[in-house]
Structure formats: C-alpha cells, structure tokens
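A single structure is presented below for examination.
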Amino acid sequence: METILAGVADAFTLTNLLYIALGVFMGIMVGAIPGLNGPMAIAVAVPLTYYMSALTAIAFLIGINKGGTFGGSVAAILLNTPGSPESTSTALDGYPLVKKGKGLKALKMALYASVTGDILSDLVLFTVAAPLAIIALKMGPAEMASIFLFSLTIIAGLSGKSLLRGLIAAVLGAFLSTVGLDIETAQPRLTLGLNELIEGIPIIPLTIGLLALSEIIIQIEARFLKREQHAPAQDVFGRSIPRENKRVSLAEYRQCLPTILRSAAIGTGVGAVPGIGAIVAGFLGYAAAKRAAKNPEEFGTGKLEGVAATEAANSAVVGANLIPLLALGIPGSLSAAILIGAFLIHGVEPGPLIFREHGQLVYGIFAAMFMANWINFGIANVGLRLFALIVSLPKSVIHPVVVVLCIAGAFANGNSMFSVAVMMVFAVIGYFMRKLDFSIATFIIGFALGGTFEQSVRQAMILFQDRPADLLQHPIVLFFIALTVFSLWRILRSSMRSAPLPQFEEESTAREEKS
Amino acid sequence: MNTIFKTLLKLAASTALIVSAGAAWAEFPEKPITMYIGFNPGGAVDTTARLLQKNLEKELGVPVVAVQKPGGGGTVMATTLMTDKPDGYTIGMGASAAYVLAPQLNSDIKYKMIDDFDHIATVSIPQDALVVKADAPWNTYEELIADAKNNGKTLSLSSQVSVSRLMAIAIEKKEGIDIDVVPVKGGSVGIQQVLGGHTDMTWGASGWHAQVKAGDMKPLLSLGYERNADFPDIPTAQELGIDYAFVDTFMLSAPKGVPDDVLNTLATAVERALTPELRAELQSKMYLSADYRGPEATDEYLQMQFDQVKPFIEIMMSEDAK
C-alpha cells in the first residue's frame, strides 16, 4: 500500500503533467493525419526520452498512445480515411454522420467513447493485472489458433455485401502474410529475391497504400472525370448547423453507454491477450454492437453507436495491453512492443519481477495513465477545431498533402524507399479492390491475423500431431471452436435469409462518388 | 553547349580529385561516423551499441550517429552495410549469427561472412541458457535426458532462432531422444509457452534471467564457450559432451576494403571504449559480458564458429528438404 501511494505521489508533478499533455497533443495530431499513427509517433519519440526519468518517459509515451488512438478517429470521421488502422470501422458510421451535418457530434461521441473505454480498461489493468496475466499464460498455441479462427469468422461476417468476396479478401490477406521467413526452417518464402521482404511485407506501408492512397486515387479520379458528387459542405463547426448536431447530449451518451461498456469489455479482453491488437478490437466491438442492435441495418448509415462501439473498443486495448506487457514482458501490440524498448532504456525489464522490483514505478505509471485520460479529454475537447481543420480545406489542397503524408509515413517506416514502393503497389491493389468491391478492411485484418494464426496452427500441429486426442483436454480450445461453429452457422443463416448483408460504407461511398 | 558541359565535367573531376587527395592526407576521422544498429531499439544489441556509441565519440573525437536498421536478425543491416563506401565512416553493429548462420540457411542472402566485410571488433556476448519451468521434475540436464530416455518421452522446445534448433539436433544426435521443435517468433513467446506449460523448455540469449531470479524458471545448460559470468553453476553443452556451442557475439563491422590504418584506428577506439564502467553497465543492465577481439581475431572467431556449426546445419537442411 505504501508503494502504491508513493508511486501515485511520484506521478503528480508538473513535469509529468506537461510531458503527458505534450504526448497527448502529439498523439492526437499524428493520429489524425492519415498514414501516420500512434505507434509511429511513439517510435519516433522514444529517443526523446533518453534523458527523462523512467516514469516521465513512460507517461509521455503512453500519452502519445492514448492521444493517437483517439486521433485516428478524427480522420476516419472527417475524411473517411482512418488515421490509423484501428479506426477503420469508426469511418463506417462516422463519415455518414458528417454527411448528415453531424460531424462534430460524431467526433465528440468518439472522444467520449474513447475516454470512457480508456478509463474502464485502465481500471481493469490496475485491479486485475496479476490474475489476468495468469490466464494469459494458459493460452498455448492451440488456444491461440482457436481464438484466431474464431476472429476470422467474425471478420467474414463483417465483410461487404458478398460473403464470398469478403472471405476471398480475408484469405488473400492471410496469404500475403506468409511472405517472409518461414519460422520453422528460416527459409524465405515468396520474397521474389528481395532482401527487404525477408521480414515480410511491412504492415504500415501496406495499410497506408490500401486505405489512404487508394482512396485518394479514387477521389482524384472522380474529380477528373467530373463524377464528383457535390457533397454538402463539411463544415462541422458552421453556425448554420443546429447546436444539437454539435454536441452529444447526456441522453445520447446514456443511449450509447451499453454499447460503450460492451466494447470496452471486448477491447479490454482483446488487449489482455497478447498478439491481437487494437485493429481487431475495433472490428469486434463494431460487430458486437451491430449484432446486439435491434436494427442492425442502420449501422453504416451514420449511427452514433457505430462510432462509439469502435472507439471504446480500440481505446480500451491501450490500457489492457499493458497487462501482458507488465506481467509477462510480452507486448500485445505494436505500440506495446515499442514501450518495451523504452522500459529497457531505463533499466526496467517488464516481466513477473516488475511488480516486486519496480512497484513504485508501476503504480506511478498507473496514476499517470489516469491523468493522461483526463488530459486527453481536455485537450481533444479544446483542440477539436484545430484537429478538424484539415477537413475544411478544399480537396485540391487535401489530396496533395495527404499524398505527401502517405509517402512520408511510408518512408518513416524503416527510412527506406522500399516501404514507399510497397505503399504504391498496395495503393494500386486497393484501387482495384475498391472498383471490384472487395473489402479492404477484411483484407487487412486477414493480413494482420495471418502471421500469428499460421504460427499458432503450426505450433499446435507440432505439439499435437502424435496425440490429437489430447486437444480434448483443452477447454479453451473447445470453447472457441464451438463459438466458431456457432458464428459460422449464424452467418450462413443470415446470408440465406436476407441475401445482401449490410455493406461497408467506404465501398458504397466510393461507388457514390463514381456514379 | 557540349563544350561547356565537357569543361564543367573536367572541372568537377579535378575538384573531386583534389578533395579525395585531401581526404587521404587528413587524419581519420574528420567527420561524423554513421553506425547502423541491426536490431530494434531496447534489445541487447541496441543497448551495447548505444553504450559504446558515447565512449566511441570520446575516443574518436567526432560524433557517432546511430541509425537503426533492424530486420532478419541483423541480415538486413549487413546487406545494406556491404554496399556502403569502405572509408570507415559507415560501420554497423550486428551479431555473428547474421554472418555465420544466415548465409548458410538462406540462399537469398548474397553476402559472404568474411569476403564481404572488414570486421572491426567483437564487443560483447549474451549469457544464454536452456531453461525449464521451476516446478518441472528435472533439476539438471542429465535428469531431463534420463526422463526422456527411460519413459520414452518426446521433449518439446520453443525455439526462436536457428541457434536453438541446431542445439536440438545436436542433443538428439548425442542422446538418441526426440525433441519437437516448436518455432516461435521472439524469445518472450518461448518463455511464455514454457511458463504456461505448453512446451517443456526454451533456449534464450536474454530475457530468462528475470524469470530465473523470480524463481519461475530453472536454467539447465549453456551453449557458451565458457560458463556464464552471472550464473556459473550452469554447465556448458561442451562440458556435457555435446559437440555443439554457439555464442551470438555482438560485433562491429565495416564494408570490405577499409584501409588498414582506418580499421586499426576504429578497432583501438572500440577496445578503449570498453571501459570498466561500461563493462559493468553491460553486465548489470543486460547480462552481457564484454568480449573484445581485434579485426584479425574476429575473422578467426567467425571461422571457428562456422566450422563448429557446419555439420549440424547440414543435418538441418537435409531435414527441411524432406
């Protein structure tokens, strides 16, 4: 108890406050820019923390992480281009809301959901870090494989109007994730003889190309072919917009609260399991909200719950991610992986020992995280106008700027022109996927899950090939396989009952702009 | 137009000549040195590089700029370094596995261990161990093998890198037991699998020390040429009659063709940079032991490592070809 109080006292200094504020501000800015995301900002900021104390350094970086996760939603809502991959499904309802003139409402809902998700997840981290770590430890290769399998069926359920095309996109994504060294034999696969591909296709340029640049290409094309639809002015702050469209009323927040709580729980659960990141959490949260809704067809047309569902889930991952990180030293996500580096620089090794050896620091970090949530809330509320400024600019300004940022963002990934080339290739692939109505989001999730899915399946194969019956003694595996079967059955039933599933807004927008 | 162009070209050529001649006369180093780091920030190689960087700047009197080039266990860095100018102003911190093992295992890697690089020095070595869960029934390597033999058990090993897969082959060959090698990405995943009871053992260069200290894991065996400094009770594989040893040594290299005096200046600077304080910091922070060798000794060391692992690599390749 003394350690906890001492740690909390450590956190409340002006220096920490200022650095957290700086981090949150940087995070939102960077997150809001399509193609740049939180992990990238953290990676760039780690060298800045060499001369800070361990607590200030980690608090600063976590501030960036929290800000970045919310920042991603700003671009997703206003530009229909996720600032970072985990906000992909925020755009599904966020952008239609903007078209209805309720952009500011969507942004604020995203913020409230984000901060609520953050706080709830942090509370879980503070209270159950140790017990949950023990559960995470029980996740062996077979368990992981079954969880991934279940996740894949959920994604298929999320895909566009054609389940088959969604599956094809997911499988193609998973297939591309096999590029790179075979983990068993250390042989390069499908690298085309390029050394740069030994580690696989880098996900950041891939995502930037598919999500951001290809969208810009479609938009530019529409512009040149004069197919551009004159959308209503997207000034979300304008005086002509009724006040109620610029704020989230208490009643609306309450209405979304069950969704937020459900998503926060999903995000926390996903975050606590190593290997499944915020991207999956966002989609799972969205899918769960859609499934629980009375009128699921309203999702994707500008439903406030859709924004809240994704944002609460992906923000909840940030706190929960630290559960396996602190308790086991295992990063649950890209940003947590970078945080490990920051811990080590300051001579702190995340792992079972951390609570014993650096208890004061850990509780200091917890307190700082709580501060960061409120600072995030404050800065985002005050600065929304600034962060949303990009959108009031004409497209002739946005397009070149986003293209440059896409290139810079890709280049920042390993400082190499190769990443830029990868982004270009995937921009073209994304262009055709949009034209041919294949879900880009499904593809990316297939890609993100594919690598770890393959690993856990192969690990499980090696462990159980001689004794498959042993799998019956793994209740978690059986549970998730049952869930997978159930989920498949539901998808099949609903697709037979009502042929077209509700489709992705990004695709329908693309079509609208074409027509 | 053409003549102007030719004149300009001549001018440029002569300027270049003067400049390069000037460079040859000047004392190395006279401008900042770029040091690639072949691994991600925060890891053992990176920590070694960052600590060394500060002292190297003092020794050489010029800034040493660290540039991260992670990927493929140092192979991405080595591939880049190979094509850089061999003037001593571009050097790279990597690990010996990238030079000794990677070109053997991966036909896409075009560089050769010694022909394509001027290795400046070896710097430090990690303290490795084969570890099992603390409540596992085996307290020594012998007990582990005896259990597998007597009860016909197949052991399972979470293996992150080829170093430990080759170790499994060496043990299988010597003891006549079977080991399932479960490939994992990242040493921490291996530790998690062992702690969760999913596999019997894992081998790690780093990351296991904290688990052992916390009483969650037991070390059984080291693949070092000597015993670990901090854990001297763990026998080495060679002591136990296993014909296999490999230490992934962190080392500084340059592209082939660096002038001898420049190479020696750099090597001497590294030797001096490894001050007692720095050695102590490496040991306490990351369980790394300083292990300096000059350019020639480094080449010999790599050759020795190569000869030692070659037979096991051949077995591994023929297994994979099946």
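Residue numbers begin at 1 in each chain, while the letters A, B, ... track the order of the sequences. Here the structure is a predicted model, which is why all the values come from computation and not from measurement. Just so it is clear, the values below take in all heavy atoms, side chains as well, and ignore hydrogens, waters and symmetry mates.
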Checklist line | Side-chain heavy atoms of B:Val181 within contact of A:Ile462, under 4.5 Å | finding: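 No - every pair of side-chain heavy atoms lies 4.5 Å or more apart.
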
Next item on the list: Please list all pairs passing the salt bridge (charged side-chain N to carboxylate O under 4.0 Å, His left out) test where one or both residues lie in residues 92-106 of chain B, with sequence neighbours left out.
Entry: none

Notebook entry, point to check: Given that the side chain runs from C-beta out, which part of B:Ser156 has a heavy atom under 4.5 Å from chain A: side chain, backbone, both or neither?
Noted result: side chain

Check: Contact part of A:Gln459 toward chain B, heavy-atom cut-off under 4.5 Å: side chain, backbone, both or neither?
Finding: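 It is both, since atoms from each part get that close.
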
Item checked: Residue A:Thr191 versus chain B: region with a heavy atom under 4.5 Å ->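 The side chain, not the backbone.
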
Notebook entry, point to check: Taking atom CD of A:Gln465 and atom OG1 of B:Thr154, what is their separation to the nearest 0.5 Å?
Noted result: 9.5 Å

Item checked: Minimum-distance pair of heavy atoms, taken over all atoms of B:His198 and A:Pro141 ->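 Here B:His198 and A:Pro141 meet closest at CB-CD, 3.9 Å.
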
Next item on the list: Answer yes or no: are there more than 12 heavy-atom neighbours, outside B:Met317 itself, under 6.0 Å from its atom CE?
Entry: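 Yes - once you tally the heavy atoms of other residues, nucleotides and ligands closer than 6.0 Å, there are more than 12.
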
Next item on the list: Starting at CD of B:Gln192, measure out to CE of A:Met144 and round the result to the nearest 0.5 Å.
Entry: 7.0 Å

Note to self: Just to verify, what does B:Phe250 make a ring-ring contact (aromatic ring centres under 6.0 Å, His included) with, not counting sequence neighbours?
What the structure shows: none

